Amino acid sequence: MSTEMAETDVLKALSQIIDPDFGTDIVSCGFVKDLHIDEAIGEVSFRLELTTPACPVKDLFEQRANEVVAALPWVKNVKVTMSAQPAKPIYAGELPPGLQRISNIVAVSSCKGGVGKSTVAVNLAYTLAGMGARVGIFDADVYGPSLPTMVSPENRLLEMNPETRTILPTEYLGVKLVSFGFAGQGRAIMRGPMVSGVITQLLTTAEWGELDYLVIDMPPGTGDIQLTLCQVAPLTAAVIVTTPQKLAFIDVAKGVRMFSKLKVPCVAVVENMCHFDADGKRYYPFGRGSGSQVVQQFGIPHLFDLPIRPTLSASGDSGIPEAVADPQGEVAKTFQDLGVCVVQQCAKIRQQVSTAVTYDRTIRAIRVKVPDSDEEFLLHPATVRRNDRSAQSVDEWTGEQKLQYTDIPEDIQPEEIKPMGNYAVTITWPDGFNQIAPYDQLQMMERLVDVPQLTPAQAV
C-alpha cells in the first residue's frame, strides 16, 4: 500500500468522528495534525488539536480515534496525542497588548446587585480551570470588589512591571486574578468617568498572557462602566445571573437588551437561590419562573438552577470557591454543566463568526452567513466596496457620497477578511483600504444570483 493510499484510509476512518459543537467531522474541522504512517510495521501516529483544552468530549475523541484507526486491517499500532490550539482572539482590529492572547472573554452579568453574580463568576472560572483550561478572572466592580473575599491568593497586592509599566495579575490555584481590591485601595469613592478609566487600565494593561477564558465579573447596571467594558473587550459571550423574584427579572431584562444591542450573545441563564430542601420537601421561598421567563422571552438556550445552600454562601466568604471545596457536590455538578455549556457555546460562536463572511475565489463572490441565521447569500466584491459608509467614502456632515461608482473597478477582489467582534468584519482591499462592514449593512446590499462557476485557471 502506498503512503498516499494509507493516509486516505486513515483520514476516511477519522472522518466518522463528528464534533458535536460544529456538527462536522474532525478532519473537516482541521483537528488532525502531524499524521505519520509507517507501512512496514503498520504504525499510525497523529495529533488531535482541539479548539480548547477544556473540550468536554476530548477523552471520547481520543478513544474513538484509537478505535476507528485500529479497525483498519493493515494497522497494527495507533498512537494518538491530544493538544489544543494556542490561545488567540479571532477578532481583527488593534486590541490592547494585554488582550491579544485571550481566546474567549465571557461576561457574567446580572444588572442587579445581590443575586450571586460574583459567586457564579468565580465558580465558573475555577470549573473551567478544572476542565484543563487556562483561566483568568477580572473583577470589574470598583465600588465593591468581591474577588478579595472569595479567593485567597498568597500575594494579595497587584504589582507593576517597572520596565513595561504593565500590571502583573496575582494567582490562586492556577487562575490569574485582577481586582481593584488587590490594588491596595479597598473600595473606590469616585465619579463614573474616573471609574471607567480605572477599569480600562486594569483590564488592558494586565499581563494576562495566554488564556483560553477570561471571565469578567461585571458590576451591576447598564451604564457607562458596562458599555466601556463591552467596547474595550471583544466579548465572546455573556452568562446572565438572576433570582426568582419579578424585580430581578426586570433588571436582568435590561442587561440582556444591552448585550443584544452590542451583539454579544447571551448563552446561559443561572437562576440563583431557587429552592431549598427540608423535611423531605422542596421549598421555593422567592417564587418560581424568573429564569425560565428570561429563557422564553429572549431565546437564551440554557437554564441552570442553584439552590439556597449554607455551604455555597459560606464558601463565598471563606476564600475557597465551592467548586474547589466540594468538587463532587451537587452545586459543583451544576457549575460543571454550566462550564460545559460555556465551552460548547463559545466554540460554536467562534466557528460561526470566523466563517460568517468569506471570499470564494472560484466564483469571485463574498459569501455571507450571519451567526444565528440559516440564510447564506452572495455579494459582488465591488458592490461591498462601493457601499462603504466610512468618513473616507461619505461626508460625515453633509452625507454627500465622496466615493464615486467608477472609482471602484468591477473586478476588484478582497485581499483579506477578518471578524471584528460579533457584529462586523474588516475587509482589506488591494488599494490598502480597510473597510469595516457590519453584518446588518451586508444584509441590506444587492445580492448576487445565478453566479457562474469559474474554472481553476480563471479563479487564480
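FYI, the numbering just counts along the sequence from 1. Any value given below was found using the heavy atoms of this structure, including those in side chains, with hydrogens, waters and symmetry copies removed. Computed from a predicted model, the values in this text were never measured in an experiment.
Note that CG of D305 and CG of N272 are 10.0 Å apart. Values are rounded to the nearest 0.5 Å. Distance CD/Q296 to CG/L303: 9.5 Å, rounded to 0.5 Å. The distance from the CG atom of L177 to the CG atom of L147 is 5.0 Å, given to the nearest 0.5 Å. I366 contributes atom CD1, which lies 7.5 Å from atom CG of L442 (distance to the nearest 0.5 angstrom). Rounded to the nearest 0.5 Å, atoms CG (L35) and OG (S45) are 7.0 Å apart. Residue H36 holds its NE2 atom at 10.0 Å from CD of E7, rounded to the nearest 0.5 Å.
Taking the six-membered ring for Trp and thresholds of 30 and 60 degrees, F61 and F31 have ring planes inclined between 30 and 60 degrees apart.
Here the side chains of L379 and R447 are in contact, with some heavy-atom distance below 4.5 Å. Under the 4.5 Å side-chain criterion, counting only non-hydrogen atoms from C-beta, L227 is not in contact with L229. L99 has its side chain within reach of P234: a pair of non-hydrogen atoms, C-beta onward, lies under 4.5 Å apart. Counting heavy atoms from C-beta outward, L124 and V122 have side chains that stay 4.5 Å or more apart. Contact check for E271 versus F304: no side-chain heavy atoms found under the 4.5 Å cut-off. T428 places none of its side-chain heavy atoms less than 4.5 Å from the side chain of P414. Annotation: side chain of N77 is not in contact with side chain of V44 (no heavy-atom distance under 4.5 Å). Considering only heavy atoms from C-beta on, V175 comes within 4.5 Å of Y126 through its side chain.
Here the closest heavy-atom approach between residue L95 and residue Q100 is recorded as O-NE2, 2.9 Å. Smallest separation of non-hydrogen atoms from V135 and A125: CG1-O, 3.7 Å. Nearest approach of M131 to K58, heavy atoms of both residues: O-NZ, 3.2 Å. A pairwise comparison of heavy atoms in S118 and D217 identifies OG-OD2, 2.6 Å as the closest pair. Closest approach of F276 to I308, counting heavy atoms only: CB-O, 4.0 Å. H275 approaches D277 most closely through the heavy-atom pair ND1-OD1, 4.5 Å.
Salt bridge absent: E43 and K76 never bring a charged side-chain N and a carboxylate O closer than 4.0 Å. Salt bridge D440/K263: present, at least one basic N to carboxylate O contact under 4.0 Å.
By the neighbour-count criterion of 12 heavy atoms within 6.0 Å, atom CG of L262 is densely surrounded, having more than that number from other residues, nucleotides or ligands. Counting heavy-atom neighbours within 6.0 Å of E375 CD, excluding the residue itself, gives a total above 12. More than 12 heavy atoms of other residues, nucleotides or ligands sit less than 6.0 Å from atom CD of E376.
Side-chain atoms of E322 and N123 include no donor-acceptor pair closer than 3.5 Å. Defined by atom type and a distance below 3.5 Å, a donor-acceptor pair is present between the side-chain atoms of Y213 and T52. With hydrogens and angles left out, the side-chain atoms of T358 and R367 include no donor and acceptor closer than 3.5 Å. No side-chain N or O of N434 forms a donor-acceptor pair with one of T426 less than 3.5 Å apart. Checking Q85 against T51 by side-chain atom types alone, no donor-acceptor pair falls below 3.5 Å.
Of the listed residues (V215, V115, L306), just one forms a side-chain contact (heavy atoms from CB on, under 4.5 Å) with V120, and that residue is L306. A side-chain contact (heavy atoms from CB on, under 4.5 Å) with L11 is found for exactly one of D25, V32, V69, namely V32.
A centroid separation of 6.0 Å or more is found between the aromatic rings of Y439 and Y423.
For E416 (side chain) and I427 (main-chain N/O), no donor-acceptor pair under 3.5 Å exists by modelled atom type. With K369 contributing its side chain and F377 its backbone, the two residues share no donor-acceptor pair below 3.5 Å. One N or O on the side chain of Q435 and one on the backbone of V384 form a donor-acceptor pair closer than 3.5 Å. D279 places no side-chain N or O within donor-acceptor distance of the main-chain N or O of K281, the cut-off being under 3.5 Å. At distances below 3.5 Å, not a single donor-acceptor pair connects side-chain atoms of S260 with backbone N or O atoms of V256. The main-chain N or O of T164 is never found under 3.5 Å from a side-chain atom of T166 such that the two would form a donor-acceptor pair. The main-chain N or O of D212 is never found under 3.5 Å from a side-chain atom of S103 such that the two would form a donor-acceptor pair.
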#### Entry: side chain to side chain donor-acceptor pair (under 3.5 Å) assessment of S83 paired with R47
CA-CA 7 Å; S83 68; R47 177 169 57 90; 2.9 Å; yes
### Task
Could you please spell out the steps behind the side chain to side chain contact (heavy atoms under 4.5 Å, CB included) verdict for V106 and I216?
CA-CA 6 Å; V106 180; I216 298 184; over 6 Å; no
### Candidate pair V10 and L72, rule side chain to side chain contact (heavy atoms under 4.5 Å, CB included), full reasoning
CA-CA 8 Å; V10 171; L72 294 171; 4.1 Å; yes
### Task
Show the numbers, then the answer: is there a side chain to side chain contact (heavy atoms under 4.5 Å, CB included) between W208 and F138?
CA-CA 10 Å; W208 294 109; F138 179 67; 4.0 Å; yes
### Task
Please report the C-alpha distance between V340 and L338 in whole Å, then the side-chain angles of each, then the deciding distance to 0.1 Å, and finally whether the side chain to side chain contact (heavy atoms under 4.5 Å, CB included) criterion is met.
CA-CA 5 Å; V340 169; L338 174 62; over 6 Å; no
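Among residue pairs with one or both ends in residues 169-181, those qualifying as side-chain hydrogen bond (donor to acceptor under 3.5 Å, both in side chains) are D139-S179; sequence neighbours excluded. The side-chain hydrogen bond (donor to acceptor under 3.5 Å, both in side chains) contacts involving residues 336-350 comprise K333-D337, where partners must be two or more places apart or lie in separate chains.
Residues passing the side-chain hydrogen bond (donor to acceptor under 3.5 Å, both in side chains) test with S318, sequence neighbours excluded: none.
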